[in-house]
Number of protein chains: 2
Amino acid sequence: MNDAKPRPATLDDVAREAGVSLATASRSLNGSNRKVAESYRQKVLQAAERLRYTPNLPAQAVARGGSATVSLLVSDIADPYFSSIAAGVARSAGQANLIMTMGMTDRRPEREVQLVRALRGQRPQVIIIAGSRVLDADETPALIEELSAYEEAGGHAVFIGRHDLPFRSVSIDNRGGSKRLAVALADIGYRRFALVMGPSALLTVRDREEGFLEGLTERGINLDPRLLLRRDFTRDGGAHAARELIAGPIQDVDMIFAASDVMAVGAMAELRAGGVRVPDHVGVAGFDDIPNLRDITPSLSTVHLPLEEIGQRAVQLAFAPTDAITSPPPVTADVVLRDSTPGRR
Amino acid sequence: MNDAKPRPATLDDVAREAGVSLATASRSLNGSNRKVAESYRQKVLQAAERLRYTPNLPAQAVARGGSATVSLLVSDIADPYFSSIAAGVARSAGQANLIMTMGMTDRRPEREVQLVRALRGQRPQVIIIAGSRVLDADETPALIEELSAYEEAGGHAVFIGRHDLPFRSVSIDNRGGSKRLAVALADIGYRRFALVMGPSALLTVRDREEGFLEGLTERGINLDPRLLLRRDFTRDGGAHAARELIAGPIQDVDMIFAASDVMAVGAMAELRAGGVRVPDHVGVAGFDDIPNLRDITPSLSTVHLPLEEIGQRAVQLAFAPTDAITSPPPVTADVVLRDSTPGRR
DNA sequence: GTGATGTGGGAAAGGGCTTTCCGCGAGCCC
DNA sequence: GGGCTCGCGGAAAGCCCTTTCCCACATCAC
């Protein structure tokens with residue numbers, strides 16, 4: 001028995017193997033501001049290679065007082081909206097040589113606070129919160145306090161699409177985007193709108209809804225309040241709303257705007273099942289421009305969001321100098337009209 | 001200036017605040033096997049609350065010799081296949097009170113080895129590798145060595161859908177699933193097949209392809225080799241293949257099997273653009289049963305994979321006792337026939 | 001009353017790394 | 001040529017925990 005306790009090689013091992021001190025080994029392997037003679041450096045690098053040394057990241061984190069990590073909090077990573085953002089974050093993190101850790105809240109606000117605590121324990125460089133969180137949740141003060149403590153300790157908290165909290169945020173022009181969409185739809189002839197929205201406690205939903213209504217108003221169109229439906233902010237929520245429309249006032253509608261592509265797709269499926277033809281009987285539009293949904297039929301009019309870029313921006317924003325962060329321009333949200341809204345005349 | 005160096009509260013602070021020793025504080029907060037008098041425990045818990053103490057996870061990791069973490073390696077988190085698996089992993093990890101860290105390889109094998117090294121540095125409990133990796137890549141030996149070292153040091157490596165390596169693995173019945181699909185399609189009358197596959201170096205692709213061919217053979221059907229197309233294992237790969245079919249032998253085809261739903265969707269979009277009607281002119285089937293793609297029209301026949309469950313199983317498998325791991329049963333892969341393959345007679 | 005047994009707090013030794021600080025030899029100036 | 005700075009290796013302190021080990025004290029049995 002030679003290896004009673006198999007354990008990864010430590011920096012000590014490397015130093016011994018190379019015949020140098022611990023300090024020199026450390027300096028050689030991660031380049032400090034102190035120079036190391038090339039001959040020593042080579043010896044260390046070779047020893048490390050020979051021993052298949054991997055630095056113990058937690059140990060580095062504890063010695064440096066922070067870990068090379070960015071933490072991302074999402075509602076549901078299986079949702080394409082979040083997975084696209086996550087891809088952007090992962091990519092940027094990789095470039096900055098950071099590892100990404102992820103928490104999933106399952107859309108429960110109390111999980112969110114818990115997870116922030118847990119993630120904070122990692123002492124990450126950055127915490128990015130991408131859940132479209134609930135406005136006025138009981139947990140909000142706790143969350144704010146948790147994040148403030150985190151920032152005081154030197155971390156950076158960044159929200160995505162949540163400009164109402166005292167933290168940096170990548171703001172998304174939800175409001176402007178859906179306003180422009182409303183105007184565009186009105187301009188190609190739609191008049192009788194129905195809105196399929198999520199819970200109004202979600203800021204994202206609220207912004208998209210208000211923006212759309214603004215756009216309608218601007219074109220002199222009123223929304224019948226009965227035609228503002230509110231369901232879960234999911235595919236099934238969209239389907240339920242559509243079922244309700246079919247059962248009742250679908251005759252009075254020539255255009256359905258859903259708060260997200262995912263909801264729009266659910267609604268379209270239900271409309272089809274109910275014999276309502278899209279876009280002949282009614283047009284449908286969504287929001288987000290989810291890449292994987294681009295191939296549905298008829299192709300969905302929507303507002304394009306550069307989701308990956310949003311993830312990347314969040315990471316950049318975290319490292320931006322403090323004075324540059326006051327008001328980063330919002331991410332563009334461009335209207336894309338496709339086959340689901342050919343227009344009415 | 002009272003707080004020259006704002007830093008999170010440490011366990012020392014808590015102990016001092018509570019008037020007990022460091023040891024007692026530690027024992028109170030994470031319950032060791034040593035008992036702590038309730039009165040002391042309470043004092044500690046309250047002090048911790050007062051100071052908003054969060055344990056420094058890296059420090060715990062270094063003291064305990066491993067971090068409460070599971071690492072997941074995926075090709076592309078924006079791909080719904082991987083994001084669904086990730087959701088399962090995240091969920092299971094959360095239940096086990098572990099934090100999930102993620103690496104994205106962008107489908108580059110050399111990134112994979114790099115990332116395994118980096119993730120290994122975290123000293124996670126588990127490393128899950130979900131990329132459908134390249135067979136016989138030059139990097140495979142390095143990867144194996146890296147993971148072996150990791151396991152020797154006490155970690156658990158788990159592959160998803162990669163049963164050819166000397167590690168635990170959640171195996172997916174790709175072969176059986178596509179064989180059954182082929183048989184089912186033959187049984188409803190399809191005879192002239194085209195296969196839209198990804199690179200044959202991907203084990204997943206190879207299994208699906210061979211399984212399908214087996215099924216065809218079983219029904220006495222031969223595949224014209226010209227009708228086996230190989231493109232990128234992506235949406236655009238599917239589209240390219242479809243374009244090629246349209247340009248040539250589409251007349252000889254009544255059924256297109258794509259190696260994944262994503263490819264199938266790309267192909268369908270291209271067929272539609274080229275004026276080939278699905279399913280009237282040609283049927284289309286995919287593989288995976290991606291939830292977000294269930295609403296496309298016509299609804300896609302496919303082989304259902306319980307992706308979230310696969311993620312969960314991977315975590316469970318990592319913690320399973322060693323003797324239970326030799327051959328966990330493969331995940332089921334059930335054929336689901338929908339509107340894209342109504343049958344021929 | 002005395003020794004055996006147990007209980008649980010606290011001091012201290014890690015655990016793997018970074019970084020400060022010390023000291024020594026080499027090069028420099030006048 | 002003597003006093004200096006400068007460059008760079010190495011010893012050691014420190015980061016924040018966990019866990020072992022010691023010990024004081026209480027309980028109990030006979």
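Naming convention: chains lettered A, B, ... in sequence-line order (proteins, then strands); numbering from 1 in each chain.
The Leu22(B) side chain lies nearest to dT18(D) when the options are dT18(D), dT19(C), dA11(C). Residue Asn30(B) has its side chain nearest to dT18(D) when only dC16(D), dC21(C), dT18(D) are considered.
Using a 4.0 Å heavy-atom criterion, one finds that Ser26(B) contacts the bases of the nucleic acid, with or without backbone contacts as well. Within 4.0 Å of Pro58(B), counting heavy atoms only, lies no atom of the nucleic acid at all. Among the atoms of the strands shown, base atoms are found under 4.0 Å from some heavy atom of Ala23(A). Within the 4.0 angstrom heavy-atom criterion, no nucleotide atom of any strand lies near Ala61(A).
The pair Asp13(A)-Arg50(A) does not meet the salt-bridge criterion, since no charged nitrogen lies less than 4.0 angstrom from a carboxylate oxygen.
Between the CG atom of Leu51(B) and the C1' atom of dC16(D) there is a distance of 15 Å, rounded to whole Å. Rounded to whole Å, the distance from CZ on Arg64(A) to C1' on dG16(C) is 12 Å. The CG-C1' distance, from Leu29(B) to dC16(D), rounds to 13 Å in whole Å. Taking atom CG on Asn56(B) and atom P on dG15(C), their separation rounds to 19 Å, with Å as the unit. Spacing between atom CZ of Arg16(A) and atom P of dG10(D) amounts to 14 Å, rounded to whole angstrom units. Here dG10(C) presents its C1' atom at 10 Å from OH of Tyr40(B), a figure rounded to the nearest Å. The separation between Arg27(A) atom CZ and dT18(C) atom P is 11 Å, rounded to whole Å. Whole-Å rounding puts the Gln122(A) CD to dC17(D) P distance at 14 Å.
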Point to revise | Check against salt bridge (charged side-chain N to carboxylate O under 4.0 Å, His left out), Lys43(A) and Glu17(A) | key: CA-CA 9 Å; Lys43(A) 277 198 284 187; Glu17(A) 171 90 7; over 6 Å; no
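For Tyr53(A) and dC17(C), the shortest distance from a side-chain N or O to OP1 or OP2 is below 4.0 Å. At least one side-chain nitrogen or oxygen of Gln60(A) sits closer than 4.0 Å to the OP1 or OP2 atom of dT18(C). The shortest distance between the side-chain N/O atoms of Arg34(A) and the OP1/OP2 oxygens of dC8(D) is not below 4.0 Å.
At least one donor-acceptor pair under 3.5 Å links the side chain of Ser28(A) to the backbone N or O of Thr24(A).
When each of Ala63(B) and Lys35(B) is assigned the nucleotide of DNA chain C with its nearest heavy atom, Lys35(B) is the one assigned upstream, toward the 5' end. Summary of the strand contacts: Val62(B) and Glu38(B) both lie near DNA chain C, and taking for each the nucleotide with the nearest heavy atom, the more 5' one is attributed to Glu38(B).
Between Val126(B) and Ala318(B) the shortest heavy-atom distance is CG1-CB, 3.4 Å.
The only option from Glu146(B), Glu145(B), Glu139(B) that meets the salt bridge (charged side-chain N to carboxylate O under 4.0 Å, His left out) definition with Arg117(B) turns out to be Glu146(B).
One cannot find a donor-acceptor pair under 3.5 Å joining the base of dG16(C) and the side-chain atoms of Arg123(B).
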